[in-house]
Amino acid sequence: MHSHNIINKKIKIIDNTRVCNNYYKLILDSSVIAKLAQPGQFLHIKINSSFDPLLRRPLSIHRILGGKIEILYELVGRGTKILSESSSGDILDVIGPLGKGFNYQSPQPKADPPQAEITNDKANPNNQLPILIAGGIGVAPLVFLAQKMKQTPIVLIGAKTKNEVLCMKEFKNLGCDVRIATDDGTLGFKGRVTDLLKEFLPANRIYACGPDAMLKSLQKIAAVNNLNCQVSLDEGMGCGIGACLACVINTTKGQKRICHDGPVFDIKELIWEG
């Protein structure tokens, strides 16, 4: 991402409403950022005009509709609590779009020889479609990704219980085949979303965002099945531009900064602590 493509602007809030439970949707008015934004990138938002809280909040770009940018966020601490109290007409200081997004225009692999293709098709006719996997608030960047993809992806959404399933309607409106996994079985498949994924293998390309536990288990599945898988890491960041080193992670290519080198990484590169 070249610095001249990053904008720092005062942007007006069009709407800021509670979607369900602790999840909120913020709609911002900025055709400039909307034009530049790529799926997987984020905005760095100053929550209010005082120095408390001091740090900006990095929030994934959830969806672009014309010149409007939607942000889906979870109320988790003081910063997001203050943000949830902002209302339409308020002005926020925003830097973005930041970070390295998804590479979703990857070339299509060559088709298998006819025989293999027939057996594969019987096992899984969908194995040429990209698969998006979301855990909890991890759905946030994946709606924008689904909007931009040429092929309509299969979407697997994981949540603790049916009331916490997010964005099912948004994905369905884009024509996606949406499957749900809930830990307690109140909707769809009972169990983890990564177990649901096993029903869709072999897969061509996987894009995911969700809690570390989900990504760790996805990494094992990707390794065993030799899957091409990109993941967006949803970590706390400080400066958002790679200077403060608050969001360093270990990868097979050395230490990387989530905000600057990511937040999207090839899952094969990630080294988990502990």
Side-chain angles (χ1 to χ4, degrees), residues 1-6 33-44 58-64 69 96-111 126-135 138-157 167 171 174-176 194 197 200-210 212 214-216 218-219 221-223 225-235 237 240-242 247-272:
M1 186 88 248
H2 301 299
S3 53
H4 63 260
N5 282 343
I6 297 171
I33 294 179
K35 275 195 193 77
L36 290 171
Q38 287 297 317
Q41 290 188 304
F42 63 95
L43 299 182
H44 221 38
L59 295 167
S60 297
I61 297 168
H62 170 52
R63 196 162 60 157
I64 299 282
I69 302 161
L98 290 165
K100 180 173 80 69
F102 291 102
N103 172 16
Y104 57 95
Q105 289 153 327
S106 40
Q108 291 303 306
K110 294 186 179 69
N126 294 321
N127 71 349
Q128 290 307 307
L129 291 174
I131 297 179
L132 309 189
I133 303 176
V139 296
L142 297 178
V143 171
F144 186 18
L145 178 61
Q147 268 188 319
K148 287 279 206 180
M149 285 184 148
K150 289 197 170 60
Q151 284 177 295
T152 310
I154 295 167
V155 178
L156 311 181
I157 301 174
C167 301
F171 285 118
L174 291 169
C176 304
T194 42
L197 168 66
F200 292 86
L201 299 179
N204 176 346
R205 286 168 294 145
I206 291 177
Y207 303 84
C209 184
D212 285 357
M214 177 192 112
L215 299 182
K216 282 178 197 173
L218 181 57
Q219 189 180 46
I221 296 167
N225 297 279
N226 193 24
L227 302 173
N228 175 0
C229 179
Q230 294 175 40
V231 299
S232 173
L233 298 180
D234 200 17
E235 296 294 314
M237 301 173 200
I241 51 171
C247 63
V248 169
I249 50 156
N250 292 315
T251 75
T252 54
K253 298 177 177 175
Q255 289 199 319
K256 296 269 182 106
R257 295 161 295 177
I258 292 173
C259 66
H260 184 267
D261 304 306
V264 175
F265 292 91
D266 182 326
I267 204 163
K268 292 185 190 77
E269 288 178 21
L270 300 175
I271 298 171
W272 302 99

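Hydrogens, waters and symmetry mates play no part in the numbers below; they use all other heavy atoms, side chains included.
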Practice prompt. Output, in order, the C-alpha distance, side-chain angles, deciding distance and verdict of side-chain contact (heavy atoms from CB on, under 4.5 Å) for Leu36 and Asn5.
Written response: CA-CA 7 Å; Leu36 290 171; Asn5 282 343; 4.2 Å; yes
Worksheet item: Which of these, Ile61, Ile6, Ile69, sits in a side-chain contact (heavy atoms from CB on, under 4.5 Å) with Pro97?
Response: Ile61
Worksheet entry | Side-chain heavy-atom pair Gln219, Leu270 within 4.5 angstrom cut-off | yes
Discussion item. A side-chain contact here means heavy atoms from C-beta on lying under 4.5 Å apart; do Leu43 and Leu98 qualify?
Written reply: no
Discussion item. Using a 6.0 Å cut-off, check whether atom NZ of Lys268 has over 12 heavy atoms from anything other than its own residue.
Written reply: yes
Which atom of [X] lies closest to which atom of [Y], heavy atoms considered:
X      : Y      : value
Leu215 : Val231 : CD2-CG1, 3.9 Å
Val143 : Arg63  : CG1-CD, 3.6 Å
Leu197 : Leu156 : CA-CD1, 3.6 Å
Leu174 : Gln147 : CD1-N, 3.8 Å
Ile267 : Ala222 : CG2-CB, 3.9 Å
Pro263 : Gly99  : CD-CA, 4.0 Å

Worksheet entry | side-chain contact (heavy atoms from CB on, under 4.5 Å) evaluation trace for Lys150 with Tyr104 | CA-CA 9 Å; Lys150 289 197 170 60; Tyr104 57 95; over 6 Å; no
Rounded to the nearest 0.5 Å, what separates atom [atom1] in [X] from atom [atom2] in [Y]?
X      : Y      : atom1 : atom2 : result
Phe265 : Ile249 : CZ    : CD1   : 4.0 Å
Leu233 : Cys209 : CG    : SG    : 8.0 Å
Gln38  : Lys100 : CD    : NZ    : 12.5 Å

Practice prompt. Could you go through the side-chain contact (heavy atoms from CB on, under 4.5 Å) check for Phe102 and Leu145 one step at a time?
Written response: CA-CA 8 Å; Phe102 291 102; Leu145 178 61; 3.9 Å; yes
